[in-house]
Student: 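My structure is below; once you've seen it, I'll send some questions.
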2 protein chains.
Amino acid sequence: MTLESLSPTGGRGTKADANGQRDVLTRLRSDIVSSVFEPETRLKFADMTKRYDVGIGTLREALSQLSSEGFVTVEAGKGFKVAPVSASELIEITDHFIAFEKRAVREAIAYGGEDWETNIVAVHHRLSLIEGLPWERRMERHSEWVERHREFHEAIVAACKGKWLFRLRSIMFDQLDRYRFVTKRAPDGLGGSKLEEHRDIMTATLARDADLASDLIERHIRDTSERAIKLL
Amino acid sequence: MTLESLSPTGGRGTKADANGQRDVLTRLRSDIVSSVFEPETRLKFADMTKRYDVGIGTLREALSQLSSEGFVTVEAGKGFKVAPVSASELIEITDHFIAFEKRAVREAIAYGGEDWETNIVAVHHRLSLIEGLPWERRMERHSEWVERHREFHEAIVAACKGKWLFRLRSIMFDQLDRYRFVTKRAPDGLGGSKLEEHRDIMTATLARDADLASDLIERHIRDTSERAIKLL
DNA sequence: TCTAGCGTTATTTTCGAAAATATGAAGGTT
DNA sequence: AACCTTCATATTTTCGAAAATAACGCTAGA
C-alpha cells in the first residue's frame, strides 16, 4: 500500500487548491449536504462566485457536475437550484444503498487483501478519534466527521470487485449524507452509539464474517435513516 | 399527456442549439458511444473545440459531466480521456441494468396510466419504422436508431415510482449503448430479430403481464450483451 | 551512458468581458 | 380590471485571452 490513502484529504478525486483549500466542487457539495443552502434555493452565479472566490466558468462546471450527482437541479436558461428532499426519496435511497453495500461488503470480504485490512484499521482509528470526543467538541468538528465517516465506510467495501457496484454505492452514500445531516443534533443516546456500531462493523469485516458484517451495516444505516425521517 | 414527449428530440434534458443542432454534451456522448473516439483516446481541447465549434469553457463543462456519467476519465492537470471498455465491465453493467430494469418495469406496470400506455405505443411505432427497414438503409440511420431505441425502453419503465431506480437504470442503459454499438454490424439473423423482440416486450407490458415482460426484457438485453462480448 | 537542471513548447485551467436570454415593470388597449 | 406590448433590468450562457501547469528536448557534468 502506498499509504497515500492515509492522507486525510479523502479518497475522492478532489483536486486541492494551491493553498491547500478544497476545490469548489467539494466545498459546494459539502455546503449543500450541510444545509447551508436550503433545498429549492436558487444558486445565483453572482453570489456564488463571490462566496467561493472563483470565476463564472469554474463555478458552472462544479454546478454542472453536482447536477449529474443529483445534488442540484438545472433548468435551461433559468439556472441551478438545490435539489429538493423528501421522506420518500430518503426511503428509496436507503434501500438502494443497503442493497449495494451488502453486496459490496461480501465481495470485499471475499477478495480483500492485507492492504485492504490495514487501511480499514487506519481510517477507523481516525474516525474513532472524533467519535470518542465529548458531544460538544464533536459538533465543532462535524464537517470533519462527515469526511472520516465516508472514508471509513468506503474503506470497508474498497476491495469489492465490481467497479460499478462501488460507484453506485458511493453515489447513494453521498445522497444519504444529506439526510444524515439532520440527525446530527441528536446526541445518539437512544438507538445505538455510532462509535460502537463502527467498531463492530470493522471487527466483523476483519473477521471475514460476511453475514454478520452485512447485517450490522444494514442495521447501522437503517437506524440512522429512520431517525432522519422522524426529524424531517 | 402534453404530447411534447412525441417530439423526436428525445426525453433527456438536452438543450437544443438555436439552429436545432444537438448540444455538445449529447454530440460528444454520441460520438463516444459510436466509437468515433477509441477508448483511452486523449480528448484535447484544441481539437475538440474546432470539431464541435464551441468555446473551451463549454467543452470543459460537457467533458466534466461525461466523467460523472462514466464515459470519460479525467486526471487533474492532464486532461480527459475516453473511458476504457472491457468484457468484465460489460458483464457487470449488464447485470446491474437487468436488475434495475426488471424492478422498474414491474413498478411501471403497477402504476402506469393511460398516458404511459399511449406513449409506449407512439415511441414503439417510431422505432419500428426504422427497424422495419432493409438492413442497409437501417445502417444509414443507425444513430437515429440509437435514439429511438433508448426512447422505447425508457417509455416502458417511465411510469416507475422510484426516481432513483429510473435514474440508475438510465445510467446503466447509456453505458450499455457503448457496447451495443459493436453489435451493429451483425444483421441479427442469428439470435432474435430486434423488431419482434421489441413488439413482444411492448405487448406483454401493455397486457400488464409483469412476469412475461420482465423475462422478455432480460432475454433481450442478455442476448445483445452476449453477442457483444464475442465481438469485443 | 546516464542524470540533473534548465528553457521551450504544448496543453490544461482559470477568469471575466460580452452575447443571449429571462424576468419584471410601466403603459396602453379592450 | 384583465391582457398584451415594450422597454429596462437581472441573470445565465458562451467564448477566447491569459495564467498555470505539464511534457519535452537540450546541454553540461559525472
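Small disclaimer: the values here were computed from a predicted structure and weren't measured. Each chain gets a letter, A, B and so on, in the order the sequences are listed, and its residues count up from 1. Side-chain atoms are counted along with the backbone in the values below, which use heavy atoms only and exclude waters and symmetry mates.
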Student: My understanding is that only residues two or more places apart in sequence, or in another chain, count here; which of them pass side chain to side chain donor-acceptor pair (under 3.5 Å) with B/E117?
Tutor: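 For B/E117 the side chain to side chain donor-acceptor pair (under 3.5 Å) partners, ignoring immediate neighbours, are B/R208.
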Student: Taking N or O atoms only and anything under 3.5 Å, show me the protein contacts with nucleotides 22-25 of chain D, one pair per line.
Tutor:
{"from": "D/dA23", "atom 1": "OP1", "to": "B/K78", "atom 2": "NZ", "distance (Å)": "3.3"}

Student: Partners of A/H124 by ring-ring contact (aromatic ring centres under 6.0 Å, His included), sequence neighbours excluded?
Tutor: A/F152
Student: Roughly how many Å is it from CG in B/D23 to P in D/dT12, rounded to a whole number?
Tutor: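 Computing the B/D23:CG to D/dT12:P distance gives 19 Å.
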Student: Check the distance between D/dT12's C1' and A/L63's CG and give it to me in whole angstrom.
Tutor: 12 Å
Student: Taking CG from A/L43 and C1' from D/dT11, how many angstroms apart are they, rounded to a whole number?
Tutor: 13 Å
Student: Can you tell me how far P of C/dT12 sits from CD of B/E61, to the nearest Å?
Tutor: 18 Å
Student: Parallel, tilted or perpendicular: which describes the rings of A/H153 and A/H149, with under 30° parallel and over 60° perpendicular?
Tutor: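 It falls in the perpendicular class, over 60°.
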Student: What is the distance, rounded to the nearest whole Å, between atom CD of B/E75 and atom P of C/dT11?
Tutor: 16 Å
Student: What residues form a ring-ring contact (aromatic ring centres under 6.0 Å, His included) with B/H142, not counting sequence neighbours?
Tutor: B/W145, B/F181
Student: Could you check which of D/dC15, D/dT12, C/dT13 has an atom nearest any side-chain atom of B/I56?
Tutor: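 Looking only at side-chain atoms, B/I56 lies closest to C/dT13.
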Student: Round to a whole Å and report the spacing from CG of A/L59 to C1' of C/dT13.
Tutor: 15 Å
Student: Expressed as a whole number of angstroms, how long is the span from A/F45:CZ to C/dA20:P?
Tutor: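 A/F45 atom CZ is separated from C/dA20 atom P by 18 Å.
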Student: For A/D47 and D/dT11, what is the distance between atoms CG and C1' respectively, to the nearest whole Å?
Tutor: 11 Å
Student: Run the side-chain contact (heavy atoms from CB on, under 4.5 Å) test against A/E144 and tell me which residues pass, sequence neighbours left out.
Tutor: A/I130, A/R141, A/R148
Student: It should be established whether B/R60 places a side-chain nitrogen or oxygen under 4.0 Å from OP1 or OP2 of nucleotide C/dT13.
Tutor: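 Yes, because at least one side-chain N or O of B/R60 sits under 4.0 Å from OP1 or OP2 of C/dT13.
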Student: Apply side-chain contact (heavy atoms from CB on, under 4.5 Å) to A/I221 and list each qualifying residue two or more places apart in sequence or on a separate chain.
Tutor: A/T94, A/F97, A/I98, A/L176, A/R180, A/I217, A/S225
